[in-house]
Number of protein chains: 2
Amino acid sequence: MSNLSISEENYLKAIFHLYKPGEGIGTNAIARHLDTKPASVTEMLKKLADKKLLTYEKYQGVIPTRKGFTLALVVIRKHRLWEYFLVEKLKLKWDEVHEIAEQLEHIQSDLLVEQLDAFLGFPKLDPHGDPIPDKEGKMCAMNCCCVSEIKPNSNARIFGVKNHTSAFLKHLEKLNLTIGKTFTLVNRNDFDQSVELVLNKQTMHISKEVAENILVEKLK
Amino acid sequence: MSNLSISEENYLKAIFHLYKPGEGIGTNAIARHLDTKPASVTEMLKKLADKKLLTYEKYQGVIPTRKGFTLALVVIRKHRLWEYFLVEKLKLKWDEVHEIAEQLEHIQSDLLVEQLDAFLGFPKLDPHGDPIPDKEGKMCAMNCCCVSEIKPNSNARIFGVKNHTSAFLKHLEKLNLTIGKTFTLVNRNDFDQSVELVLNKQTMHISKEVAENILVEKLK
DNA sequence: ATTTTTTTTTAGGTGCGACTAAATTATATT
DNA sequence: AATATAATTTAGTCGCACCTAAAAAAAAAT
C-alpha cells in the first residue's frame, strides 16, 4: 500500500494547498509553507517522485499526480473532521484546534475516520468554513472570495478564513468578525488597501492583511 | 518542560508496566515488551536517566523515578480515555481499539485530554477493564486476579483482560467470555493447567494461556 | 547579450532511534 | 572455585529528515 511518514504527508498537504492548475510548484514556496529549507525540500521531492506521488524534473517545479492528490485529500479530510470534532464535541474554540488537528490528521486507521465521520453526522464544513472531503475525496464547491476582492457598497456574509493561526482567529473574535456575520463594505482605502465596513451599524476598519484572510459570500 | 518523543513515551510506558516494587527492570524485558533489541534499550535508558525519569546503573536494572511514573501515567491516561471514546462514541469493537489508541496516546495537548475526559463523563474504567488515571494520576484500586489464580468451586465475574491484542479478544468473544459475565470454576487440570468452567449452564474448557489473561473478581 | 539576482540543487554533516556483532559483566551450574 | 550460560553494554552502521555552505541553473535586469 501507500504508507507515508508524517513528513511525507505534510509535504503532500503543502503541495496540495500550493497547487494551481498549469503551474509547477517551486521548491522555495514549499519550504516557506513548511517552515523548512529548500535543500530539505529537494530531497523529499525526489522521494515523493519515486513513489509516483508527483512529477519531478530538476528546476522545473513540481506537480502532484492523481495519487498524490488523493492522498493529500485523505489527510485534509482527517484534519477537518478532527477540527469539527474538537469544536462541536469537545467545545474547544476555533482558535485552539489547528495545532491539535495537525497531530490528529496523521493517525492511521480507515475505520476510525469513517466512524468519526458518521459520529459527527457527515459534516460538510469545518469550523473555519473549509469544506470537508467525503470518503471519495469529493467536497462541496465553494462560491466565496476574499474581502480584499469585493467592491465597495456590497453586502457580504463571512464564510470562512484562510489563515488558521490562533493569533489571527483571536483577533477576528475581538473584532466580532466570525462565521455567519454579515456586513457592508463601505470603502477601500487606496494607499494601504485597508477596508472600511459596517457591521451591526458599527463602522470599523480592517487592514489589507486581515481582509485578505477573510472569506465571504456576496449578498445581493 | 518535559517534552518527550513518541519513543521515549513508549519506553516509559513499558517500564511502568514492567515495574514491580523492589525489583529493577531488566534491559531484556524492556526489549521484549517493545519488540526491539537490548542494545537499543540500553541507549534509551541512558537518555531517560539523563532526563531524571529513571535511575540507571550499569547492569543493575532500572527503576523509574517519581517523575517517570507521573509521565507514564499521563500517557496511560490518554490511551485509556481514547479507547473508551473509540468504543463508547465511535462504536468500534473492543478488539479494534488498541492499535489506534497506541497512536492517539501521543497527541500532545493538555486541554484536549481534559475536555475529552469531561466529554466522556470522567469514566473510571476502559473497555478492557483497566482503570483510567484521573488528572492527578490517581485511579481506582483494583481487587481482581487472574482466572489462573482462583480455586476450584468458586464463582467469579469477568472484570477485564491482561492481553489487549485483537487475536486474543476475538477469541474471548467467540467463547462468550466478555466483561461482566459470571461463571463457576469447576476444576483445574493438573498436567496442562487448563481450566474447566461453567458459564450459562454450559461447561467449557480454557487453556492456561487464556486463563492467565482474564481478570476476574471473586464472588462469594 | 551580458550581467545580476533568485531559485534550485548538490555535497557533506547532524541527531535520533533503530540495528548487528563483539566484548563485558552477572548469574547459574557443576 | 572454575566454568558455562545468560544478560547487558560497547562499538560501529544505517535510514530518515533535517541542516549549512557552495555550486549550478533559471529568471530578471541592464
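Computed from a predicted model, the values in this text were never measured in an experiment. Letters A, B, ... are given to chains in the order of the sequence lines, protein chains preceding strands, and every chain is numbered from 1.
- Taking the centre of each ring, Tyr11(A) and Phe16(A) stay at or above the 6.0 Å mark.
- Proximity of Tyr56(B) to the phosphate of dT9(D): a side-chain N or O atom is located under 4.0 Å from OP1 or OP2.
- Between Asn28(B) and dA6(D) there is no side-chain N or O to OP1 or OP2 distance below 4.0 Å.
- To the nearest angstrom, P of dA18(C) lies 11 Å from CD1 of Ile6(B).
- Proximity of Ser40(A) to the phosphate of dC18(D): no side-chain N or O atom is located under 4.0 Å from OP1 or OP2.
- Counting only heavy atoms from C-beta on, Lys37(B) has its side chain closest to dT20(C) among dT20(C), dC19(D), dT8(D).
- Here Ser7(B) lies in heavy-atom contact (under 4.0 Å) with sugar-phosphate atoms only.
- Between dA6(D) and Tyr59(B), no contact under 4.0 Å exists linking OP1 or OP2 to a side-chain N or O.
- You'll find the ring centres of His79(A) and His98(A) inside the 6.0 Å limit.
- A straight line from CE of Met44(B) to P of dT8(D) spans 17 Å, rounded to a whole angstrom.
- Thr27(B) comes within contact range of the sugar-phosphate backbone alone, with a heavy-atom separation under 4.0 Å but no base atom that close.
- Remark: the backbone N or O of Ser148(B) is paired with a side-chain donor or acceptor of Arg188(B) at under 3.5 angstrom.
- Both Arg32(B) and Lys46(B) sit near DNA chain D, but only Arg32(B) has its closest nucleotide nearer the 5' end.
- Between Lys13(B) and Glu102(B) there is a salt bridge, since at least one side-chain N of the basic residue sits less than 4.0 Å from a carboxylate O of the acidic one.
- One can place OH of Tyr11(B) at 14 Å from P of dC16(C), the figure rounded to the nearest angstrom.
- Here the P atom of nucleotide dT10(C) and the CG atom of Leu45(A) are 11 Å apart, to the nearest Å.
- Residue Thr42(B) has its side chain nearest to dT10(D) when only dT10(D), dA26(C), dT10(C) are considered.
- Below the 3.5 angstrom threshold, one finds a donor paired with an acceptor across the side chain of Glu43(A) and the base of dC18(D).
- When the nearest nucleotides of DNA chain D are assigned to Pro38(A) and Ile25(B) by heavy-atom distance, the more 5′-ward of the two goes with Ile25(B).
- How far OG1 of Thr27(A) is from CE of Met44(A): 13.0 Å, rounded to the nearest 0.5 Å.
- The side chain of Lys58(B) places an N or O atom within less than 4.0 Å of a non-bridging phosphate oxygen (OP1 or OP2) of dT10(D).
- Within the 4.0 angstrom heavy-atom criterion, only backbone atoms of the sugar-phosphate kind lie near Thr36(B); the bases stay farther away.
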